[in-house]
Amino acid sequence: MSRYEPKTIEPKWQAAWDVAETFKARRDPARPKYYVLEMFPYPSGRIHMGHVRNYTMGDVVARYKAAQGFSVLHPMGWDAFGMPAENAAMERGGHPKEWTYANIAEMRKQMKPLGLSIDWSREFATCDPEYYGQQQAMFIDMMAKGLVYRKNAVVNWDPVDMTVLANEQVIDGKGWRSNAAVERRELTQWFFKISDYSAELLSALDGLKDWPEKVRLMQANWIGQSRGLQFAFTTTGAPEGFDRLEVYTTRPDTLLGASFAAISPDHPLAKHLERHDSAVEAFVADCRKGGTTAEAMETAEKIGMDTGIRVLHPFDNSIELPVYIANFILMDYGAGAIFGCPAHDARDFEFATKYGLPIPTVFIPEGAEEVTLDEAYVPMKSERVQYIRGFAGNDLQTGEDAIAAAIAACEAQGVGRGVTNYRLRDWGISRQRYWGCPIPVIHCATCGVVAEKKENLPVRLPDDVTFDIPGNPLDRHPTWRNCTCPNCGADARRETDTMDTFVDSSWYYARFTAPHATTPTIAEDADYWMNVDQYIGGIEHAILHLLYSRFFARAMHATGHLPAKAIEPFNALFTQGMVTHEIYKTTDAAGRPIYHLPEDVTSFSLADRRVTVLGDVPPPDPDMIADIDAWLQALNDEGALVEVIPSAKMSKSKKNVVDPMNIIEAFGADTARWFVMSDSPPERDVEWTASGADATFKHLSRVWALCSRIGDMPADHQGVGDQDIAKATAKAVEEVTRSIETFAFNKAIAALYGLTNTLAKANGSTLAMKQAIRTLAQLMCPMTPHIAESIWTFQGGAGLCATAPWPKADPALLVDDTVTLPIQINGKRRAEISVPKDMPASEVEKIALADEAVVKFLAGAPVKKIIVVPGRIINVVV
RNA sequence: GCGGGCGUGGCGGAAUGGUAGACGCGACAGACUCAAAAUCUGUUUUCGCAAGAAGUGCCGGUUCGAGUCCGGCCGCCCGUACCA
């Protein structure tokens, strides 16, 4: 066996898998299926280490499951619509379509050398008309089911460029190109009725046993179920038609702490006042400044304006509360109006303090005296507090009990009713942009809004568009907009909004089961392959993408495109961390930062210090430098000394990126794959280091050398320690299997290091060594499939390692006859003993107490208690 | 602001409430070499000659026993509905 040369073996095995169609997914009723899916990439043009990590994780699972006998589906596609393509067209000219498809071709070319076990015959891009046409068909089906509607919603409006901005395009409240202060403006937009499913999406979270707890919690908080009281204030001094003001509160127990009422600037009453009062108009305009993000709204200074209108307290008509318009009240939540209880709500407190409103306390800590508050007192609802202005239930009770009692009391008195509210808003899918899936509807003067006929689908994006002026090119396209009404045949106008790209990614997993079908899905295929058994992707998608997908699967079931079992499309979810790298920075003469690529700097140790310099220079001889500080200063003066900033997510702007292509070129795909799986637990960030990649390559070379050495052994060599080799191998099989099952790939790799080290030192019989290294190859195969195939074949393995059945550990080899037990005295480890594994606790106790070190430490003190945890530990309490 | 997460040697990390630091990197020492690289062997939490003591961001609690569970802080990261 020659030297380890990834460049020779990797293309060879990739070709062998291609020829054998090893990874082609086939419906096989005789075998259990396994569908593993990684979140598909956006085709930015280059793959990065994050992709390598994500897809290697999925590949480990896919290859492992295939070896276990599953019929595996492991597809790949492209999340290809979105703003970057339009930005590229604006900046560099060209067309989003050409840019996108060129990027896809380039990324596919970069991905193939990784040796991923992907069924490439199922590949598609969401910008393929064959894909988005089916999406349009489903949109029409959803319209028919009442799951789609139109309403007004606010967008970021750039008053200079006269265009809608994405949140991302709003920087510090200003448009990214025009630098003009952004305004909020209302447009009529398309919505999916995800709120119909609020309760269902919440309760079904309980069934997602193999999702991370944190993701389920985040989704539950996002859906935000709350039980509260909705009631109406009677108003005085309000315009006609506004003699009642509906408000919603989750804390009806604090009704007697009300000191004001407040309405959203978007509330109908505010809008009415705006039209008749220039001061209100000016104030509301003020409120509408700034972006639409929750963060921008919440962190904005709280401002309010007294409307002069008063409301009567429902329990005491002598109490009048002022009605404010306040910028922190959201029209989308509850009734768009609240009563303010400053004593027990942080925002209300801030507001009341600012506008000099009273702050009546409703409850105080158990056993406390009433005091003047300098901040809102907001205990957990489960905490028991003393009510001093309560009106229902006991004086001493938990918030939960008080709220329930308050709702019951209010309902009995005819003041409002208990309602369950959700924070989850309907999904606004309208985007005023070109590069997305056209919404397949037509506006007719006579018939109104009409769905396009299905036989006219796909509604294709026109190719002849330009991006030289801001805004949606579809809006100004000379002919595309003009069409005929599918209903009456009159001249009509096509909808120019396109769909949110989250729609594209909400059903691609289902499409992979029948990627070339002329309907969105095919029942038999969906029935065989769904659900996704293991979904893998970034934690940044924990809420939106996953929630939208869960909704869309339900909508697809409601419209006959998915079986009932697929309404929760992802059985198991794994959220992986990012790949990070140190940042290398120098400063130019003007003090501006300059960032450097990792390959453009050199690091070395010098007098216990780590020094990083620009360029590819050899480390200096420390003995030759008299004054290291002066030497460093000189380097710094010439701008060659590099500041090292701790690891952060790889980003082009900080240049802390490592191109996977360079790593594959230098070390091969197996090294890249092994390294991204090895160092950190997969759910955490992994730091890419050049030394780590080096070390991985050295390790794989050692495995290769070991394989070579075993190959050179005479066939009849007897050696010693075959039983130990068998035991070490069995333990590695057990450990690697368990680790892959639990996504602890870093531990699987630690076990593989262990077995390799054992074998490298072993001198067993040729037969035992060959058997052990074949098993090692199989265990490595999910991580480093190419070198595994080479070793497998060289050592006489039958067929491809990729299709060989996963090894099983003989349970008899896994148990040791004796165990070592640490002995603690008062919880501190003082000694250890070795005992047969089945020894009864009473015997173990005797031996422990007789132990020399134990006797010494006890020094005759009486033993109060002795705890023996079999096979684990002994603790002596004195 | 709100929601969620994370914090362990010089570094990445390991540890069903039961021997803290597996495995890897780096560093140091040794072997081989004229020498270097490569390779191999060993040492490596801190303090201490040792016996021993301390130690998992900080403060407190539960427990025979806490990195792990609970409460409060600090720091960093992710999401926050038009980035994907």
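Numbers restart at 1 for each chain; the letters A, B, ... are given by sequence-line order, proteins then strands. All values derive from a computational prediction rather than experimental measurement.
Using a 4.0 Å heavy-atom distance criterion, A:Gly428 is classed as a sugar-phosphate-only contact. Here A:Lys302 lies out of heavy-atom contact (under 4.0 Å) with every strand. Among the heavy atoms of the strands lying under 4.0 Å from A:Leu217 are primed sugar atoms or P, OP1, OP2 only; no base atom is included. Among the protein residues, A:Val155 comes within range of the nucleic acid bases, having at least one heavy atom under 4.0 Å from a base atom.
A:Asn221 has a side-chain polar atom (N or O) that falls below the 4.0 Å cut-off from OP1 or OP2 of B:G4. Within the 4.0 Å cut-off from OP1 or OP2 of B:A81, not a single side-chain nitrogen or oxygen of A:Arg425 is found. Listed pair A:Lys698 / B:A37 fails the phosphate criterion, with no side-chain N or O lying under 4.0 Å from OP1 or OP2.
A gap of 26 Å separates the P atoms of B:U33 and B:C25, to the nearest Å. With both ends at atom C1', the span from B:A50 to B:G5 equals 45 Å, rounded to whole Å. As rounded to the nearest Å, B:G13 and B:A35 have P atoms that lie 40 Å from one another. Separation of the C1' atoms belonging to B:A37 and B:G4 is 50 Å when rounded to the nearest angstrom. A distance of about 31 Å separates the C1' atoms of B:G52 and B:C69, rounded to the whole Å. Rounded to whole Å, the P atom of B:C49 lies 35 Å from the corresponding atom of B:A15. Taking the P atom of each, B:A38 and B:C28 are spaced 13 Å apart, rounded to whole Å. Rounded to whole Å, the separation between the P atoms of B:G57 and B:A66 comes to 15 Å.
Between the side chain of A:Gln432 and the base of B:C82, a donor-acceptor pair under 3.5 Å is found. Contact annotation: side chain of A:Glu540 to base of B:C83, donor-acceptor pair absent below 3.5 Å. Residue-to-nucleotide contacts include no donor-acceptor pair under 3.5 Å from the side chain of A:Asn167 to the base of B:C82.
Distance CZ (A:Arg431) to P (B:C82): 5 Å, rounded to an integer number of Å. Atom-to-atom, CZ of A:Phe81 to C1' of B:C82 comes out at 16 Å; the value is rounded to the nearest Å. One atom, CE of A:Met297, and another, C1' of B:G79, lie 17 Å apart when rounded to the nearest Å. Atom CD1 in A:Ile543 sits roughly 12 Å away from atom P in B:G5 (whole-Å rounding). If you measure from atom CG of A:Leu706 to atom P of B:C40, you get 11 Å, rounded to the nearest angstrom. Remark: P of B:C83 and CE of A:Met83 are 6 Å apart, rounded to the nearest angstrom. The separation between A:Tyr4 atom OH and B:U39 atom C1' is 18 Å, rounded to whole Å. What separates CG of A:Asn826 from P of B:G18 is a distance of 19 Å, to the nearest Å.
Residue A:Asn763 places its CG atom among more than 12 non-hydrogen atoms of other residues, nucleotides or ligands, all under 6.0 Å distant.
Ring pair A:His48/A:His51 is parallel by interplanar angle, where below 30° counts as parallel and above 60° as perpendicular. Under the 30°/60° scheme for interplanar angles, the aromatic rings of A:Trp427 and A:Phe192 are found to stand perpendicular. Taking the six-membered ring where tryptophan is involved, the planes of A:Phe667 and A:Phe697 are tilted, since the angle between them lies from 30° to 60°.
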Identify all pairs in which a protein N or O lies below 3.5 Å from an N or O of nucleotides 71-73 of chain B, and state each distance.
none

Can you tabulate the close N/O pairs, meaning under 3.5 Å, that link protein atoms to atoms of nucleotides 55-57 of chain B?
none

Show me the protein contacts with nucleotides 14-17 of chain B, counting only N or O atoms at under 3.5 Å.
from, atom 1, to, atom 2, distance (Å)
B:A14, OP1, A:Asn746, ND2, 3.1
B:A14, OP2, A:Arg684, NH2, 3.4
B:A15, OP1, A:Lys747, NZ, 2.2
B:U16, O4, A:Arg872, NE, 3.3

Extract from the structure each pairing of a protein N or O with an N or O of nucleotides 23-25 of chain B at less than 3.5 Å, listing the distance.
from, atom 1, to, atom 2, distance (Å)
B:G24, OP1, A:Asn757, ND2, 3.1
B:C25, O2', A:Ser691, OG, 3.0

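A distance of 10.0 Å separates NZ of A:Lys302 from CG of A:Asp348, quoted to the nearest 0.5 Å. Note that OH of A:Tyr333 and CZ of A:Arg423 are 8.5 Å apart. Values are rounded to the nearest 0.5 Å. Note that OG1 of A:Thr496 is 6.5 Å distant from CG of A:Leu474, once rounded to the nearest 0.5 Å.
Listed candidates were B:U19, B:G3, B:C82. Nearest to the side chain of A:Val164 is B:C82. Residue A:Arg423 has its side chain nearest to B:A81 when only B:A84, B:A81, B:G18 are considered. Of the listed nucleotides (B:G18, B:G52, B:A81), B:A81 has the atom at the smallest distance from the side chain of A:Trp222.
Contacts of A:Glu734 classified as side-chain hydrogen bond (donor to acceptor under 3.5 Å, both in side chains), with partners at least two apart in sequence or in another chain: A:Arg738. Among residues two or more places apart in sequence or in another chain, the side-chain hydrogen bond (donor to acceptor under 3.5 Å, both in side chains) test is passed with A:Trp507 by A:Tyr131, A:Gln135. Looking at residues two or more places apart in sequence or on another chain, you find a ring-ring contact (aromatic ring centres under 6.0 Å, His included) between A:Phe502 and A:Tyr548. Looking at residues two or more places apart in sequence or on another chain, you find no side-chain hydrogen bond (donor to acceptor under 3.5 Å, both in side chains) involving A:Arg184. Looking at residues two or more places apart in sequence or on another chain, you find no salt bridge (Lys or Arg N to Asp or Glu O under 4.0 Å) involving A:Glu852. A:Thr100 meets the side-chain hydrogen bond (donor to acceptor under 3.5 Å, both in side chains) test with A:Trp435; sequence neighbours excluded.
Residue A:Leu201 comes nearest to A:Arg550 through the heavy atom pair O-NH2, 2.8 Å, listed as atom of the first residue, atom of the second, then distance. Contact between A:Tyr55 and A:Met39 at its shortest, heavy atoms only, is OH-O, 3.0 Å. The minimum heavy-atom distance linking A:Ala542 with A:Gln219 is given by the pair O-NE2, 3.0 Å.
Here B:G71 is in the anti range [glycosidic angle more than 90° from 0].
Aromatic rings of A:Phe81 and A:Tyr132 (six-membered ring for Trp) have centroids within the 6.0 Å cut-off, being under it.
Remark: A:Arg216 fails to qualify as a cation-pi partner of A:Trp211 under the 6.0 Å distance and 45° angle criteria applied to the six-membered ring.
Residue pairs meeting the salt bridge (Lys or Arg N to Asp or Glu O under 4.0 Å) criterion with at least one member in residues 869-878 of chain A, sequence neighbours excluded, do not occur.
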Canonical and wobble pairing (Watson-Crick, G-U, under 3.5 Å) of RNA chain B, dot-bracket with |:
(((((((..(((.....[....)))((((((.......))))))(((....)))..(((((..]....))))))))))))....
